[in-house]
Chemist: 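Before anything else, here's the structure in question.
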Amino acid sequence: MLVDILRSTLPMAGSDVARDWDAFYAFLTWTSTIFFVGVVAAMVIFTIKYRHRAGHKADTEVHGNVPLEIVWTVIPTILVMVVFVWGYALYRDMVTAPGDSVEIKAIGKQWLWQFQYDDGRSYTNKVFVPVNRPVKFIITSEDVLHSFFVPNMRVKKDAVPGRYTTVWFEATAEGAHIVYCAEYCGTQHSGMLATVYAVSPEIWRRFIQGREIDENKLASGAADEVTMSAAATESKGGAERPISLIDQGRGLVASKGCVACHSVDGKQGIGPSLKGIHGAGVDFANGDHLEARDLNYLREAIEFPNARLVKGYGPMMPTFRGMVSETELTAMLEYIKSLK
Amino acid sequence: MAHTSHDGENYLNHEKGLWSWLSTIDHKRIGVMYLFTVLVFFFIGGVAAMLVRAELFRPGLTLMTADTYNKMFTYHGTIMVFMVVIPLIPSAFGNFVLPMMLGAKDVAFPKLNLASYYVWLAGALVATASLVVNQLDTGWTFYTPYSIRTSTSASWVLLGAFIMGFGGIFTSLNFIATIHKLRAPGLTWGRLPLFVWASYATAIVQLLATPVLALTLFLVVLERSTGIGIFDPKLGGDPVLFQHFFWFYSHPAVYIMALPAMGIISEVIPVHARKQVFGYWAIALATFGIALVAFVVWGHHMFVSGQSELANFLFSLITMFVAVPTGVKVFSWVATLYKGDLHFRMPLLYAFAFIFVFTIGGLTGVFLAALGSNVHLTDTYFVVAHFHYVMVGGTIMGMLAGLHHWFPKMSGRMYSEGWARVSWFLVFMGFNITFFPQFIVGSQGMPRRYYDYVPEFTTLNQISSVGAWIIGVGFVLMALYLLHALFRGAKAPPNPWGAATLEWAQDSPPPFHNFDKDPVVTHGPYDYRTSH
Ligand SMILES: [Cu+2]
Ligand SMILES: [Cu+2]
């Protein structure tokens, strides 16, 4: 009920987390309102009772009241701690993606959003996700800072060049959800919009089988109309099916010459084998230790190989900074990830 | 205690001519010079704000291109933050009243004080020149790598801010030395006006924070000249590191802006409520509490920047504690009204406006300090509304309370109470009409720094723009009645409000040499039993 009154000040809640967010927001708003009304009411009452008029004098003896001062220090302290704990718990839910999430890469660049699926398909300023399944976006930027913001899901994360960040949500409402860029990025910052289309399980099933979705027909519903037939998809996208990210990555690791120094089957070469490194720990020449090699570590190893040398190896690897594009890097990392 | 032994001689007329002003080492004149210069910048920044709001009256192109718009909000933000809100109260009102409040002839180092003005002015001119020449469009936050790529001017503005910071350091050193060394006999620490406590805390924050700005600037310049990667990922640098440096200075800067305004409110309320301030020591300690916490909360600006989860946890936790001393202050001010004798003259009206808007600013700060709620609200208009409620609502309303409180002392004239009320009403209403809708449009998802927006946001943006023009009219009216008062206003008595602090214990305007007879303090700053 208290949440409902505030509904008009919020975008539609497109996920369960968004609904939790709204509840927290309602709590904050109503508690703040009580405080604010209290302060203003006191000012109004004092104005009426103690305004200057003939014969009225101030009581100059009042200059403090220790119990009262303790009360108005302790109560806010308790309240802000409640706010902190609640806010932190909500935040954990917002940032911890379930393990079985559908993974989509999002790359921000001046001034568009590029989305990439593992099967190699990629879209500009639109992305399809299934309802009732967690979806995780691996975000980066090709140039300056951007921020991936989906108000209906109440999530936002900066797209930082040279680094991966993540955002996840599980849409419960089918339909179109707007994506804004929320970090200032120049001329077209406010035009850097995209749309998340949350589609039914049936349409999603067809989509991952390779059919294309006609987002203009989504509102009408029927899966047959929305997804183009396999034949139509073929003719539209040309004869060749897109190459999956892993396959693209395998090709790049070969063509960029990585295999001259790195095996992919566990054998040591000039450099360590790439097999099984993602997620595993590593020792560095300088004595440091990393618990688990994640995407951010791996991209650093490729762009700035000498930043942290793997123990037992020399500074032999040339830098590939500027020689691989953001999409190529994504594909290579996807491939290295797959070498289990 | 007021005496007129100089036959109308005062600090304004004892020497004449432009040069006598430009070369003055009198703290009162330096304060007036700061006030005048800052108000000029306030006017320029205000015009930029009006243009920004005009552009946003409709989605799409209304008045100017996206690039022009981006420059406009950059000018507005940079000028208002660095040239107006930071120096306004300490340098203008601090310089004018602080030495007199202490019963001192001047600040401890009068020549350094004049130097501070010129250093600050030089910095302000460097920053302004580079804004105009380089057409800076980065926003006042200069985030890398955008600021590295667009143009070189971000380093020039940073340089300007740093030079201005030096002016601030000089002023701070002066205040600290003056407070320690030049207090009148009998003016014990427990009898210091709360504005002095606030100025003291601000001075410390300014001394400690400004060098970080220097360091950031140094690193930006180093990166440019040698190509070693610090902030630019293309060079192997870390763009998020720049945000750390930037906010390590700029968060404390928020308190450089807010604390002095709180000091003014602590001064104005007792005087016009004719009552001891409620909880003197609680307010003084809360001031230092806020100043201390100010240094360890900067990361709350970066919850979605990709900084570590541990950092997010800690910064959110610590930020929560800002709310407690802030609350203590608000409650104490309101409690001061209890059993008072409230004279609703302009300073008290502005103090009421301050409490009203600042409370909203503070409470919405909690929305942003909590991690979960922050994620959706950060970088939207909710943040824009929040910091305007704190910075305009806080600092500017506090400044206006101070301006109307000390105007008779500074100018020796009274302003028209009637017109002042009309202007107060316009500024207060206009402010809320402008910024309250921005909380809603922000919650609905409109990001900040948007030239264009989806049609659903039109109504709220139009209300906001109309509000901005109402504020504009309010300020124009204020300029008119204050100018009128300067030339035609009734002569001000030495102590029109019956205040008990020392600046009122001499003529209005004060004589060139403060206090012919050295004052001796025998009572607290808000003890009105003996006076009127
Ligand atoms: Cu952007
Ligand atoms: Cu801050």
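Every chain is numbered from 1 and lettered A, B, ... according to where its sequence line falls, protein lines coming before strand lines.
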Chemist: Students often mix this up, so state it plainly: with edges at 30° and 60°, are the rings of B:Phe457 and A:Tyr180 parallel, tilted or perpendicular?
Modeler: tilted

Chemist: Check B:Asp238 with A:Arg163, please: is the shortest side-chain N to carboxylate O separation under 4.0 Å?
Modeler: yes

Chemist: Count the heavy-atom pairs under 4.5 Å between each of B:Val277, B:Leu337, B:Ile440 and chain A, then report the option with the highest count.
Modeler: B:Leu337

Chemist: Determine the option with the most heavy-atom pairs under 4.5 angstrom with chain B, choosing from A:Tyr88, A:Trp21, A:Phe24.
Modeler: A:Trp21

Chemist: Working to the nearest 0.5 Å, report the span between CG of B:Leu377 and CZ of A:Arg154.
Modeler: 9.5 Å

Chemist: Under the side-chain contact (heavy atoms from CB on, under 4.5 Å) criterion, do A:Met43 and B:Val334 qualify, and how do the steps go?
Modeler: CA-CA 6 Å; A:Met43 290 202 294; B:Val334 175; 4.2 Å; yes

Chemist: May I ask you to name which of B:Gly442, B:Gly340, B:Ala66 has the most heavy-atom pairs under 4.5 Å with chain A?
Modeler: B:Gly340

Chemist: If you tally heavy-atom pairs under 4.5 Å against chain B, which of A:Val95, A:Val40, A:Asn65 wins?
Modeler: A:Asn65

Chemist: From B:Tyr450 OH over to A:Leu193 CG, what is the distance, rounded to the nearest 0.5 angstrom?
Modeler: 5.5 Å

Chemist: Provide the closest heavy-atom pair for A:Val155 versus B:Val375 in the form atom of the first, atom of the second, distance.
Modeler: CA-CG1, 4.0 Å

Chemist: Can you find a pair of side-chain heavy atoms, one from B:Tyr143 and one from A:Val144, that are under 4.5 Å apart?
Modeler: no

Chemist: Quick one, B:Tyr451 with A:Thr187, criterion side-chain hydrogen bond (donor to acceptor under 3.5 Å, both in side chains). Give me CA distance, side-chain angles, the key distance, then yes/no.
Modeler: CA-CA 9 Å; B:Tyr451 166 71; A:Thr187 312; over 6 Å; no

Chemist: Between the side chains of B:Glu309 and A:Tyr91, is a donor N or O closer than 3.5 angstrom to an acceptor N or O?
Modeler: yes

Chemist: So which part of B:Asp232 gets closer than 4.5 Å to some heavy atom of chain A, the side chain, the backbone, both or neither?
Modeler: neither

Chemist: For residues B:Ser443 and A:Thr9, report the shortest heavy-atom separation together with the two atoms involved.
Modeler: CB-O, 3.1 Å

Chemist: Which answer fits A:Phe36, side chain, backbone, both or neither, if we ask what part of it has an atom under 4.5 Å from a heavy atom of chain B?
Modeler: both

Chemist: What is the ring orientation for A:Tyr184 with B:Tyr146, classed by angle as parallel under 30°, tilted 30 to 60°, or perpendicular over 60°?
Modeler: perpendicular

Chemist: Is there a side-chain contact between B:Leu371 and A:Leu90 in this structure, where contact means two heavy atoms from C-beta onward sitting under 4.5 Å apart?
Modeler: no

Chemist: Check whether any side-chain heavy atom of B:Asp341 sits under 4.5 Å from a side-chain heavy atom of A:His56, and report yes or no.
Modeler: yes

Chemist: Select one option (side chain, backbone, both, neither) describing which atoms of A:Leu68 are under 4.5 Å from chain B's heavy atoms.
Modeler: side chain

Chemist: How about OH on B:Tyr338, more than 12 heavy atoms from neighbouring residues, nucleotides or ligands closer than 6.0 Å, or not?
Modeler: no

Chemist: I need the minimum non-hydrogen distance between A:Val83 and B:Ala370, along with the two atoms involved.
Modeler: CG1-CB, 3.7 Å

Chemist: Looking only at non-hydrogen atoms, find the nearest pair between A:Ser8 and B:Gln444 and report the distance.
Modeler: O-NE2, 2.9 Å

Chemist: With distance as the sole test, does A:Ser190 use its side chain to make a donor-acceptor pair with the main-chain N or O of B:Asp452 at under 3.5 Å?
Modeler: yes

Chemist: Kindly indicate, with the supporting measurements, whether the criterion side-chain contact (heavy atoms from CB on, under 4.5 Å) is fulfilled by B:Phe331 and A:Glu69.
Modeler: CA-CA 9 Å; B:Phe331 299 142; A:Glu69 289 173 61; over 6 Å; no

Chemist: I'd like to know which of A:Tyr25, A:Phe84, A:Phe149 tops the heavy-atom pair count under 4.5 Å against chain B.
Modeler: A:Phe84

Chemist: Taking the side chain as every heavy atom from C-beta outward, state whether A:Pro161 and B:Pro145 have any atom pair closer than 4.5 Å.
Modeler: yes

Chemist: Just so I understand: if I count every heavy-atom pair under 4.5 Å between each of B:Asn312, B:Val441, B:Thr336, B:Thr65 and chain A, which residue has the most?
Modeler: B:Asn312

Chemist: For A:Asp143, is it the side chain, the backbone, both, or neither that has a heavy atom closer than 4.5 Å to a heavy atom of chain B?
Modeler: both

Chemist: Measure the shortest side-chain to side-chain distance between B:Leu317 and A:Met81 over non-hydrogen atoms and say whether it is less than 4.5 angstrom.
Modeler: yes

Chemist: Less than 4.5 Å apart, side chain to side chain, heavy atoms only: is that true for B:Leu363 and A:Phe35?
Modeler: yes

Chemist: Which of the residues B:Thr319, B:Thr378, B:Leu460 is involved in the greatest number of heavy-atom pairs with chain A at under 4.5 angstrom?
Modeler: B:Thr378

Chemist: Could you check if a side-chain atom of A:Lys156 sits within less than 4.5 angstrom of a side-chain atom of B:Thr380, using non-hydrogen atoms only?
Modeler: yes

Chemist: Could you tell me which of B:Gly362, B:Ala282, B:Ser305, B:Ala286 has the largest number of non-hydrogen atom pairs under 4.5 Å with chain A?
Modeler: B:Ser305

Chemist: Which one, A:Gln188, A:Glu300, A:Glu183, A:Glu303, leads in non-hydrogen pairs under 4.5 Å with chain B?
Modeler: A:Glu183

Chemist: Please evaluate residues B:Phe242 and A:Leu145 with respect to the criterion side-chain contact (heavy atoms from CB on, under 4.5 Å), reporting the C-alpha separation (whole Å), side-chain torsions for both, the decisive distance (0.1 Å), and the verdict.
Modeler: CA-CA 12 Å; B:Phe242 177 85; A:Leu145 294 173; over 6 Å; no

Chemist: Which residue out of A:Ala42, A:Cys185, A:Ala307 racks up the most heavy-atom pairs below 4.5 Å with chain B?
Modeler: A:Cys185

Chemist: Check whether A:Arg51 gets within reach of chain B through its side chain, its backbone, both or neither, counting any heavy atom under 4.5 Å.
Modeler: both

Chemist: Under 4.5 Å heavy-atom distance to chain B, tell me which part of A:Leu79 shows up: side chain, backbone, both or neither.
Modeler: neither

Chemist: Counting C-beta onward and ignoring hydrogens, is there a side-chain heavy-atom pair between A:Ser32 and B:Thr364 closer than 4.5 Å?
Modeler: no

Chemist: Answer with side chain, backbone, both or neither: which region of A:Ile178 has an atom nearer than 4.5 Å to a non-hydrogen atom of chain B?
Modeler: side chain

Chemist: Side chain, backbone, both or neither: which part of B:Ala369 has a heavy atom under 4.5 Å from chain A?
Modeler: neither

Chemist: Indicate the ring-plane relationship of A:His52 and B:His343, choosing parallel, tilted or perpendicular according to the 30° and 60° boundaries.
Modeler: parallel

Chemist: Among B:Phe344, B:Phe303, B:Phe356, who wins on heavy-atom pairs under 4.5 Å with chain A?
Modeler: B:Phe356

Chemist: In Å and rounded to the nearest 0.5 Å, what is the CG to NE2 distance from A:Leu10 to B:His376?
Modeler: 6.0 Å

Chemist: Looking at A:Val66, A:Val160, A:Thr47, A:Val39, which one has more heavy-atom pairs under 4.5 Å with chain B than the rest?
Modeler: A:Thr47

